[in-house]
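By convention in this document, chain letters (A, B, ...) are assigned in the order of the sequence lines, proteins followed by strands, and residues within each chain are numbered from 1.
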There are 2 protein chains.
Amino acid sequence: MSDRARNPTIIDVARAAGVSKSVVSRVFTGQGSVGTRTRERVLAAAAELGYVVNATARAMVARRTYTVGVFVRDAATPFYGHVLTAMQERASHHGYRVVTATGSGRFELAEERHALETLVQLQVEGLVVCSGLLPASDVATFAARIPTVVAGRPETHADVTSVFCDEDAGGAGLADHVADLGHHRVAVIGLPPGRSLTMAPRTAAMARRLRERGVEVVEVAGGLVDEVPRLVPEIRAHPGVTAVMAPSDLHAVRLLEALAVAGVAAPGELSVTGYDGVGPLRTPLIGLTTWRQPVAEIGAHAVDAVVGLLDTDTVPPHHRSLAGELVVGRTAAPPRR
Amino acid sequence: MSDRARNPTIIDVARAAGVSKSVVSRVFTGQGSVGTRTRERVLAAAAELGYVVNATARAMVARRTYTVGVFVRDAATPFYGHVLTAMQERASHHGYRVVTATGSGRFELAEERHALETLVQLQVEGLVVCSGLLPASDVATFAARIPTVVAGRPETHADVTSVFCDEDAGGAGLADHVADLGHHRVAVIGLPPGRSLTMAPRTAAMARRLRERGVEVVEVAGGLVDEVPRLVPEIRAHPGVTAVMAPSDLHAVRLLEALAVAGVAAPGELSVTGYDGVGPLRTPLIGLTTWRQPVAEIGAHAVDAVVGLLDTDTVPPHHRSLAGELVVGRTAAPPRR
DNA sequence: TTGTAGGCGTTATCAC
DNA sequence: GTGATAACGCCTACAA
């Protein structure tokens with residue numbers, strides 16, 4: 001780094017104001033008492049010098065940082081973006097600041113681990129993990145020492161508190177809708193648990209409920225959103241399939257695009273459902289039939305939970321499941337014949 | 001906070017490994033030399049105790065944090081979400097971590113100032129400001145001491161480096177497209193500079209270019225996305241208007257929704273254009289005619305710029321303007337008659 | 001009300 | 001190769 005002017009410290013301010021550094025400290029912490037005139041002099045000197053409290057030094061002695069660390073898998077995704085915003089809002093409400101870490105976009109486990117450790121190094125007082133990838137065992141490593149909450153995925157690890165949308169109920173509810181529409185043969189784009197701890201259970205729930213309803217299920221192995229177009233021929237190869245259930249809105253939209261390219265009418269020939277119901281894709285212009293997750297509530301409750309863990313002695317880990325809601329759109333309709 | 005087990009320090013590790021704390025420090029910094037067997041003992045003891053480096057303590061003596069602070073206005077918005085992801089990626093490439101702050105969603109100036117100060121308190125080495133709201137004067141306050149880059153808005157303050165998409169060229173390019181389509185009377189939803197430092201210049205550029213092209217412009221005063229529906233009657237009140245240029249994709253989509261509700265065909269009766277071209281709204285399902293901003297590049301260059309400022313002695317502030325690109329969609333067509 | 005002194009966990013500079 | 005020791009900027013008794 002170039003040798004820029006060193007940041008002013010309380011000592012500089014003290015000297016400028018002609019007092020001792022303890023007085024300056026008291027002025028900025030609000031602890032202890034300072035004379036009115038003295039306080040003014042200190043404040044003036046601080047403003048003059050452009051003094052800003054050094055949070056790292058303060059953290060050392062206070063042994064507190066008033067900071068919660070939030071790890072989100074990918075801020076560019078509407079789901080995580082909204083959760084993040086809600087958390088930020090809620091944390092500042094509680095008087096905490098949030099520092100965020102994300103994987104660097106390549107979604108590798110090692111990177112996510114590293115990002116989480118970074119947060120711990122930063123001495124966050126609590127941790128919110130918001131990733132469908134990182135296994136509970138990794139999270140539990142830190143949970144023993146730092147209050148930790150897993151948000152947005154159905155985590156039931158005994159040592160870790162969690163807040164999530166009920167994926168079973170969501171998958172089943174959406175499946176019921178599709179069954180109600182009268183479909184008899186439905187493709188479900190499923191993901192292995194290793195790929196996504198959120199999408200795997202919800203697609204499993206979809207398939208399960210469909211079968212319970214007497215609907216024949218064609219399981220299609222999905223992956224990243226960009227791989228969706230490749231699935232079209234595979235789906236079309238199964239005669240009689242009149243609906244496709246995708247693991248997320250992003251997947252569903254990509255599927256609709258690919259179907260349009262392939263000249264397949266939706267929902268005419270093929271009904272399509274998504275999952276998430278958050279962000280711009282909720283637009284009626286697309287009219288996606290989906291399941292809405294209560295993102296804002298997930299974020300808010302997650303932060304409330306960590307803060308609760310912070311303030312209270314020994315709150316046992318608990319799991320909170322939030323209900324989502326069916327969004328009836330135009331992309332799923334009764335089968336043609 | 002409940003009295004949880006104190007985090008282990010190098011002293012604990014040193015004791016467990018039977019060495020002095022200096023040795024432990026060397027093991028974790030990689031500076032200086034340690035015997036192979038000693039190193040192993042230290043590593044084992046650290047793992048056993050669950051030792052994690054205390055970044056705040058390290059920052060104190062090293063006077064470095066290897067941290068860049070990023071302030072984004074609203075992570076829930078596709079534009080900021082993508083920029084954020086790009087920055088994160090780029091920063092980790094340079095060996096820096098990113099701490100993020102956002103306003104708490106209410107978009108008040110005081111909050112944004114506070115968030116920025118928080119970043120400074122955290123001793124970030126560089127600052128990236130990504131908000132269409134915060135005035136340059138506020139940014140300049142910190143820029144004097146901390147390398148600062150403004151990203152994503154056309155900032156030409158002499159003391160602050162900036163990276164942005166050329167709003168003039170973008171607005172003009174999009175306007176040219178609309179004029180080329182043959183529209184003679186066009187409504188532009190404009191925003192005052194006080195509301196958005198990005199949208200104001202781009203809509204101004206749209207109007208300017210339209211006029212240069214001999215197109216009659218109807219200026220409509222816009223605001224937040226949610227206020228867009230209220231604009232429909234106003235726009236319809238102007239006879240002969242065959243196209244509307246919105247300040248962002250979010251605005252445009254909301255407008256299209258409102259038009260659909262009002263039974264106005266788009267682009268049949270009214271063509272609509274957006275701006276940004278990022279995120280899920282790029283879907284061909286909507287086919288929005290818009291101007292694509294190079295978000296990833298903006299994020300990457302912004303981080304490169306701060307890091308450059310960090311590493312080099314005295315780089316003068318500079319402004320980098322990136323070109324966007326016209327996205328021809330289906331929501332803008334030649335006027336009917 | 002104000003000042004002094006000690007220490008938070010770490011790194012860096014010395015001796016050994 | 002290893003171990004003392006002095007900072008780093010701040011807070012907090014405690015003394016004045």
Under 4.5 Å between any side-chain heavy atoms of [X] and [Y], yes or no?
X: Val303(B); Y: Val68(B); result: no
X: Asn54(A); Y: Gln123(B); result: yes
X: Tyr96(B); Y: Thr67(B); result: no

Less than 4.0 angstrom between a side-chain N/O of [X] and OP1 or OP2 of [N], yes or no?
X: Arg64(B); N: dC8(D); answer: no
X: Arg6(B); N: dC8(C); answer: no
X: Thr9(A); N: dG9(D); answer: no
X: Arg63(A); N: dC8(C); answer: no

For atom [atom1] of [X] and atom [atom2] of [N], their distance in whole Å:
X: Leu122(A); N: dT10(C); atom1: CG; atom2: P; answer: 14 Å
X: Lys21(A); N: dA7(D); atom1: NZ; atom2: P; answer: 13 Å
X: Gln121(A); N: dT10(C); atom1: CD; atom2: P; answer: 11 Å
X: Arg15(A); N: dG9(D); atom1: CZ; atom2: C1'; answer: 13 Å
X: Gln123(B); N: dC10(D); atom1: CD; atom2: P; answer: 8 Å
X: Phe28(B); N: dG9(C); atom1: CZ; atom2: P; answer: 15 Å
X: Asn54(B); N: dG9(C); atom1: CG; atom2: C1'; answer: 6 Å
X: Gln31(A); N: dC10(D); atom1: CD; atom2: C1'; answer: 13 Å

If you find the nucleotide of DNA chain C closest to Arg26(B) and the one closest to Ala57(B), which residue's nucleotide is nearer the 5' end? Ala57(B)
With nearest nucleotides of DNA chain D determined for Ala62(B) and Gly18(B) from heavy-atom distances, which residue corresponds to the more 5′ nucleotide? Gly18(B)
On DNA chain D, more 5' by nearest nucleotide between Arg39(B) and Pro8(A) is Arg39(B)
Options [options], nucleotide nearest the side-chain atoms of [X]:
X: Met60(A); options: dG9(C), dT1(C), dC10(D); answer: dG9(C)
X: Ser33(A); options: dG3(D), dG3(C), dT1(C); answer: dT1(C)
X: Thr38(A); options: dT5(D), dT10(C), dT1(C); answer: dT1(C)
X: Ile10(B); options: dT2(C), dT11(C), dA4(D); answer: dT11(C)

Using a heavy-atom cut-off of 4.0 Å across all strands, would you classify Ser22(A) as base, sugar-phosphate, or nothing? base
Look at all strands and tell whether Val19(A) reaches a base, only sugar-phosphate, or nothing, counting heavy atoms closer than 4.0 Å. sugar-phosphate
My understanding is that only one of Leu197(A), Leu109(A), Val150(A) makes a side-chain contact (heavy atoms from CB on, under 4.5 Å) with Leu134(A); could you say which? Leu109(A)
Arg320(A), Arg90(A), His93(A) screened by side-chain hydrogen bond (donor to acceptor under 3.5 Å, both in side chains) with Asp304(A), the one that passes: Arg90(A)
Exceeds 12 heavy-atom contacts within 6.0 angstrom, atom NE2 of His94(B): yes
What I want to check is whether an N or O donor and acceptor connect the side chain of Ser25(A) with the base of dT12(D) at under 3.5 Å. no
